[in-house]
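In what follows, chains carry the letters A, B, and so on, assigned in the order in which the sequence lines appear, proteins first and then strands, with residues in each chain numbered from 1.
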Number of protein chains: 2
Amino acid sequence: MSDLMAEITKAMGFRHYALVHHVDLKPAVRSVHIVDYPQDWVERFQARRLYASDPIHRASHRTNVGFAWSAVQSIISLTAADRSILAEAYEAGLGDGFTVPAHIPGELNGSCSFAMAAGEMLDHRQLPFVQLVGSFAFEAARKISRIHAPQSECPSLTERQAECVALVARGKTDWEISQILGIGQETVIQHVKDARDRYGVTKRTLLAIRALFDGQISFADVFGR
Amino acid sequence: MSDLMAEITKAMGFRHYALVHHVDLKPAVRSVHIVDYPQDWVERFQARRLYASDPIHRASHRTNVGFAWSAVQSIISLTAADRSILAEAYEAGLGDGFTVPAHIPGELNGSCSFAMAAGEMLDHRQLPFVQLVGSFAFEAARKISRIHAPQSECPSLTERQAECVALVARGKTDWEISQILGIGQETVIQHVKDARDRYGVTKRTLLAIRALFDGQISFADVFGR
DNA sequence: GATGATCTCCCCAGAACTGGGGATAACGCA
DNA sequence: TGCGTTATCCCCAGTTCTGGGGAGATCATC
């Protein structure tokens, strides 16, 4: 993967790339982290835990399409600290660059960035192509890094159960759910009990999250309306 | 905007388009909703509130790049209900299509879809271009409707709080969390309490889901390892 | 007609959570 | 030095959840 990325990066006229989830490196977590940035910068980046506050990362959380680093202030306002981070990156050898955000609900935020050497100019005519490459590169990395392990049969819930779980996910108590659905509290308790059983979990919190994860309910069910 | 979309749609060889946030239509909410689908289907879609459960929408919540509708089962597993929804859409005049997801942390999920008439075939060589157009179209629509996030307060948690919330999301009890983190149960109770306060919620279930939604924790934290 | 699935309702005991009220210590920042 | 933040711990009363045990009604299917 990194060989391929290096090749593509070069072919597009860039010098460095970073294909990352925006988290501190935790070996235990299956996150994407394929980077070819100046070593010096990578170390400082991690030491200072910039993955959360780096202005490029922050900007990538506010948009859906890629952007040139030189245009970052059109997306977020830069603080003095941000400017010094950018200056430091430049010192370390990173010139202008282009970052493609990669967000999926319920997953870590990520991005795919390509950078020139310090002093070189971006070829703006090429950016749409870079956008495309960035998106697909991230998706590919994400698929590879995900073991997609159990692919266990997602237990299906009955309609009533799903309705109850959706309300559980909204933080409703069993009594509140009974009022919303117009049935008895005992009935709700039973539906939630049955739903927990189907998922083989013992806590309603995990029930809600599992149901969310495999699409029995969606974030729209939780926050919609 | 819709004129332009219609033109682009035609130029790319498609018949219909839909540039939408995945929510029920509410005039009060400033969300993107630019659609040119068969009227019949739009009505049924809204009547049955499919925005949340439509398999194409669900699939678009699981990926970051576009996908052909005919390949949707490689992303999510289809239930019988899903299949009947797809069949119904086909009946209504929607053939194969291509959907580009558009997700931004803290905002409503959205997508940009292009569809053929029933019976026509997708030109797969063109899909990368469609991907590009879809992304930019959504971003443009989003900027115009300038919903720039309903100033979605994304409260930040302290490290300890986030650790506790991640474990809450795994269905652990406060006592279990205390054992895992090697601290007192009372301390865990306090951290969870503080985290609930920051999010302004009163139930740990909603706390976990909110934290999941805006990226404080991820599904990897919940299911990983 | 039996069987299974679903939805509805009921009771109970013990565990877990929630919302108040405290406290101490360490750290950085002004 | 004082103030805010964070992390740690403690107590308590009341609510909510969890895991057992039931039961009757409907509906489709075999």
Nearest-nucleotide comparison on DNA chain D, the residue closer to the 5′ end among B/K203 and A/D197: B/K203

If you compare every side-chain N and O of B/R204 against the phosphate oxygens of C/dC17 (OP1, OP2), does one of them come in below 4.0 Å? yes

Spacing of [X] atom [atom1] relative to [N] atom [atom2], expressed in whole Å:
X: B/E176; N: C/dC17; atom1: CD; atom2: C1'; answer: 14 Å
X: A/K193; N: C/dC10; atom1: NZ; atom2: C1'; answer: 10 Å
X: B/Q190; N: C/dA23; atom1: CD; atom2: P; answer: 13 Å
X: A/I183; N: C/dT6; atom1: CD1; atom2: P; answer: 15 Å
X: B/E159; N: C/dC27; atom1: CD; atom2: C1'; answer: 15 Å
X: B/I177; N: C/dA16; atom1: CD1; atom2: C1'; answer: 12 Å
X: B/D194; N: C/dG21; atom1: CG; atom2: P; answer: 13 Å
X: B/I189; N: C/dG19; atom1: CD1; atom2: P; answer: 13 Å

Touch class at under 4.0 angstrom, heavy-atom based, for [X] against every strand present:
X: A/T158; result: sugar-phosphate
X: A/T173; result: sugar-phosphate
X: B/Q185; result: nothing

Heavy atoms of other groups near B/R15 CZ, more than 12 under 6.0 Å: no

Please tell me if the side chains of A/F138 and B/N64 come closer than 4.5 Å, counting only heavy atoms from C-beta onward. yes

To the nearest 0.5 angstrom, please state how far the CZ atom of A/F98 sits from the CD atom of A/Q131.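 It comes to 5.5 Å.
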
Evaluate the ring planes of A/Y37 and A/H16, with Trp represented by its six-membered ring, and classify them as parallel (under 30°), tilted (30 to 60°) or perpendicular (over 60°).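 Ring orientation of A/Y37 relative to A/H16: perpendicular.
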
Give a yes or no on whether a salt bridge exists between B/R204 and B/D174, defined as a side-chain N under 4.0 angstrom from a carboxylate O. yes

Passing candidate, side-chain hydrogen bond (donor to acceptor under 3.5 Å, both in side chains) with B/T99, options B/S111, B/S60, B/S113: B/S113

If we check side-chain hydrogen bond (donor to acceptor under 3.5 Å, both in side chains) with B/D194, which of these qualifies: B/R198, B/Q190, B/H191?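 Of B/R198, B/Q190, B/H191, side-chain hydrogen bond (donor to acceptor under 3.5 Å, both in side chains) with B/D194 is met by B/Q190 alone.
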
Want to settle it: does B/E186 or A/G182 sit nearer the 5' end of DNA chain C, counting the closest nucleotide to each? A/G182

Reading DNA chain D from 5' to 3', where do the contacts with chain B start and stop? Cut-off is 4.0 Å to heavy atoms.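 With heavy atoms of chain B under 4.0 Å away, the range is D/dT6 to D/dC11.
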
